[in-house]
Engineer: 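Please read through the structure below; I'll follow up with questions.
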Protein chains: 2
Amino acid sequence: MRREGLLDAAEELLSDQGSSALTLAAVAERAGCSKGGLLYHFSSKEALIKGMVERLIEEFDELVAAQGHDTYTKNYLAATLAAVRSGRIRRWAVVTGAAGNPYLLAPLREAMARWHREGLDREPDPAAAQIVRLACEGLWDVVSHDPGLYDDSRYAELERRLLDLLSE
Amino acid sequence: MRREGLLDAAEELLSDQGSSALTLAAVAERAGCSKGGLLYHFSSKEALIKGMVERLIEEFDELVAAQGHDTYTKNYLAATLAAVRSGRIRRWAVVTGAAGNPYLLAPLREAMARWHREGLDREPDPAAAQIVRLACEGLWDVVSHDPGLYDDSRYAELERRLLDLLSE
DNA sequence: ACCACTAAACCGTCCAGCCGGTACAGTAAA
DNA sequence: TTTACTGTACCGGCTGGACGGTTTAGTGGT
């Protein structure tokens, strides 16, 4: 699908060169496509960014749902670790792309509200669950800016300690 | 100092209207100043953004140092909560402003690396300290996007639980 | 005389969006 | 089985406007 390739190109551009490098021409060139072709799939730059944001949220929600634990927080933790460990951390890049226009951030705000509220009352210890979710959020941030901080063994220990927090 | 007022105006513009609203003309107007006056203090747009980033980091480091606890992590937690509770959350806005140019983000990356490594080996439980710092990072993020999630009593409980993590 | 600006004109660059094409696949009547 | 038509997917040049930055001429406090 050409559409996916264009979204990939836009994300790569954002994480490699920052949000000011996100121009229609640059995205098209990176995707091996023309500007006209890009505008065929996304009728404006806004539509392109909206597409990135929507894909980001959808994919993460699916990843959470694909985990097999018994609480939302545990699934959220497992999904975060899987995403962050994979090294392909696009959340931050996409957010910087969308930050030009508050309207484009709305779906992300809504998702964030959901991620930090959902199923809290079904948790045995809601306060612990919130801490774990906050730590997940922080992990996205920290790993985006300082990829060298965590390696496999540190991730493993982090996971163990966060799971301890949830089940005690 | 006019300089501070210009930085304030730039931050307000970023958090109110997003990074694409950050133009020299708009910053000058918001600060009640002319474009020439702005360029008198900051010789380019880059210099203005650099100024915002530097002030952000300096002020937060000072806030951490001003807390009176016995470990860096406790000071970091107290500073984060103080900043976040105050409602004037500028970190997110400044970062989106700087995200246009990776070069401008370098000081922030360096600060982030520092904040999540400093004094870890002097902590009684380094893994717990990392979790607390990650949760602080997450708190910045979550509160920026969903200000209604935490109120005074939730902050208080969060603080208590995070301090528990550190001292046991 | 100098500092800290103001006001406004001006320039070059850059970029989003538009528009007139092209290539091709299917389809369906003649 | 040729012709004519339709829709989809894409190309790439163009332009109008916005923006960053410069310059110049001037103002008021100290």
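Chain A is the first sequence line, chain B the second, and so forth, proteins listed ahead of strands; every chain is numbered from 1. All heavy atoms count here, side chains included; hydrogens, waters and symmetry mates do not.
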Engineer: Where do B:Leu56 and B:Leu108 land on the side chain to side chain contact (heavy atoms under 4.5 Å, CB included) test, with the steps shown first?
Structural biologist: CA-CA 9 Å; B:Leu56 183 78; B:Leu108 215 76; 4.0 Å; yes
Engineer: Please collect all side-chain hydrogen bond (donor to acceptor under 3.5 Å, both in side chains) contacts where either partner lies in residues 20-34 of chain A, sequence neighbours excluded, each pair once.
Structural biologist: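 Listed by first then second residue: A:Glu12-A:Arg30, A:Asp16-A:Arg30.
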Engineer: With the threshold set at 4.0 Å, does a side-chain nitrogen-carboxylate oxygen contact exist between A:Glu46 and A:Lys50?
Structural biologist: no
Engineer: Kindly say whether the aromatic ring centers of B:Phe60 and B:Trp115 come within a distance under 6.0 Å.
Structural biologist: yes
Engineer: Which side-chain hydrogen bond (donor to acceptor under 3.5 Å, both in side chains) pairs, counting each pair once, include a residue from residues 78-87 of chain A, with sequence neighbours left out?
Structural biologist: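 Passing the test, one end in residues 78-87 of chain A: A:Arg85-A:Glu159.
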Engineer: Compare every heavy atom of A:Ala128 with every heavy atom of B:Arg161, then report the nearest pair and how far apart it is.
Structural biologist: NH2-CB, 3.7 Å
Engineer: Output the rounded distance in Å from CG (A:Leu38) to P (D:dA9).
Structural biologist: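 Atom CG in A:Leu38 sits about 15 Å away from atom P in D:dA9.
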Engineer: Write out all pairs satisfying ring pair (Phe, Tyr, Trp, His ring centres under 6.0 Å) with one or both partners inside residues 9-38 of chain A, taking only residues at least two apart or from two chains.
Structural biologist: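 Output for this query is empty, none listed.
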Engineer: Any N/O pairs under 3.5 Å between the protein and nucleotides 2-4 of chain C? List them or say none.
Structural biologist:
residue: C:dA4; atom: OP2; partner: B:Tyr40; partner atom: OH; Å: 2.6

Engineer: Round to the nearest Å and state the distance from B:Phe42 atom CZ to D:dG21 atom P.
Structural biologist: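 The answer, rounded to whole Å, is 13 Å.
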Engineer: Rounded off to whole Å, could you give me the CG-to-P distance for the B:Leu48 and D:dG21 pair?
Structural biologist: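 Distance, rounded to whole Å: 10 Å.
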Engineer: Show every ring pair (Phe, Tyr, Trp, His ring centres under 6.0 Å) that has at least one partner inside residues 18-57 of chain A, sequence neighbours left out.
Structural biologist: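 Ring pair (Phe, Tyr, Trp, His ring centres under 6.0 Å) check on residues 18-57 of chain A returns no pairs.
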Engineer: Looking at the side chain of B:Lys35, which of C:dT6, D:dT22, D:dC11 is the nearest nucleotide?
Structural biologist: D:dT22
Engineer: Scan nucleotides 20-26 of chain C nucleotide by nucleotide, 5' to 3', and note B when protein non-hydrogen atoms come under 4.0 Å of the base, S if they reach only the sugar-phosphate, - if neither.
Structural biologist: -------
Engineer: Test side chain to side chain contact (heavy atoms under 4.5 Å, CB included) on A:Thr71 and A:Arg122; report intermediate values, then the result.
Structural biologist: CA-CA 8 Å; A:Thr71 63; A:Arg122 283 191 299 280; over 6 Å; no
Engineer: Using the ring-ring contact (aromatic ring centres under 6.0 Å, His included) criterion, which residues pair with B:Tyr155? Sequence neighbours excluded.
Structural biologist: B:Tyr150
Engineer: Under the salt bridge (Lys or Arg N to Asp or Glu O under 4.0 Å) rule, what pairs show up with a residue in residues 67-80 of chain A, not counting sequence neighbours?
Structural biologist: A:Asp70-A:Lys74
Engineer: Would you list the atom pairs, donor with acceptor, under 3.5 Å between side chains in residues 89-96 of chain B and any protein atom, with sequence neighbours excluded?
Structural biologist:
residue: B:Arg90; atom: NH1; partner: B:Glu11; partner atom: OE1; Å: 3.4
residue: B:Arg90; atom: NH2; partner: B:Glu59; partner atom: OE1; Å: 2.8
residue: B:Arg91; atom: NH1; partner: B:Glu137; partner atom: OE2; Å: 2.6
residue: B:Thr96; atom: OG1; partner: B:Ala93; partner atom: O; Å: 2.6

Engineer: Give B:Ser44 one of three labels, base, sugar-phosphate or nothing, depending on what nucleic acid heavy atoms sit under 4.0 Å from its own.
Structural biologist: sugar-phosphate
Engineer: List in numerical order all residues of residues 19-30 of chain A for which some heavy atom is under 4.0 Å away from an atom belonging to DNA chain C.
Structural biologist: A:Leu22, A:Thr23, A:Leu24
Engineer: Grouping I, L, V, M, F, W and Y whenever their side-chain heavy atoms are under 4.5 Å apart, do A:Leu163 and A:Leu134 come out in a common cluster?
Structural biologist: yes
Engineer: Can you tabulate the close N/O pairs, meaning under 3.5 Å, that link protein atoms to atoms of nucleotides 23-30 of chain D?
Structural biologist:
none

Engineer: Does A:Leu162 share a hydrophobic cluster with A:Leu166, counting links as ILVMFWY side-chain heavy atoms below 4.5 Å and allowing steps through other members?
Structural biologist: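 Yes, A:Leu162 connects to A:Leu166 through the hydrophobic network.
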Engineer: Go through B:Leu77 and B:Arg133 one step at a time and tell me if the side chain to side chain contact (heavy atoms under 4.5 Å, CB included) criterion holds.
Structural biologist: CA-CA 7 Å; B:Leu77 170 61; B:Arg133 295 187 199 185; over 6 Å; no
Engineer: Work out how much the helix from C:dA1-D:dT30 to C:dA30-D:dT1 bends between its end axes, five pairs an end, to the nearest 10 degrees.
Structural biologist: 20°
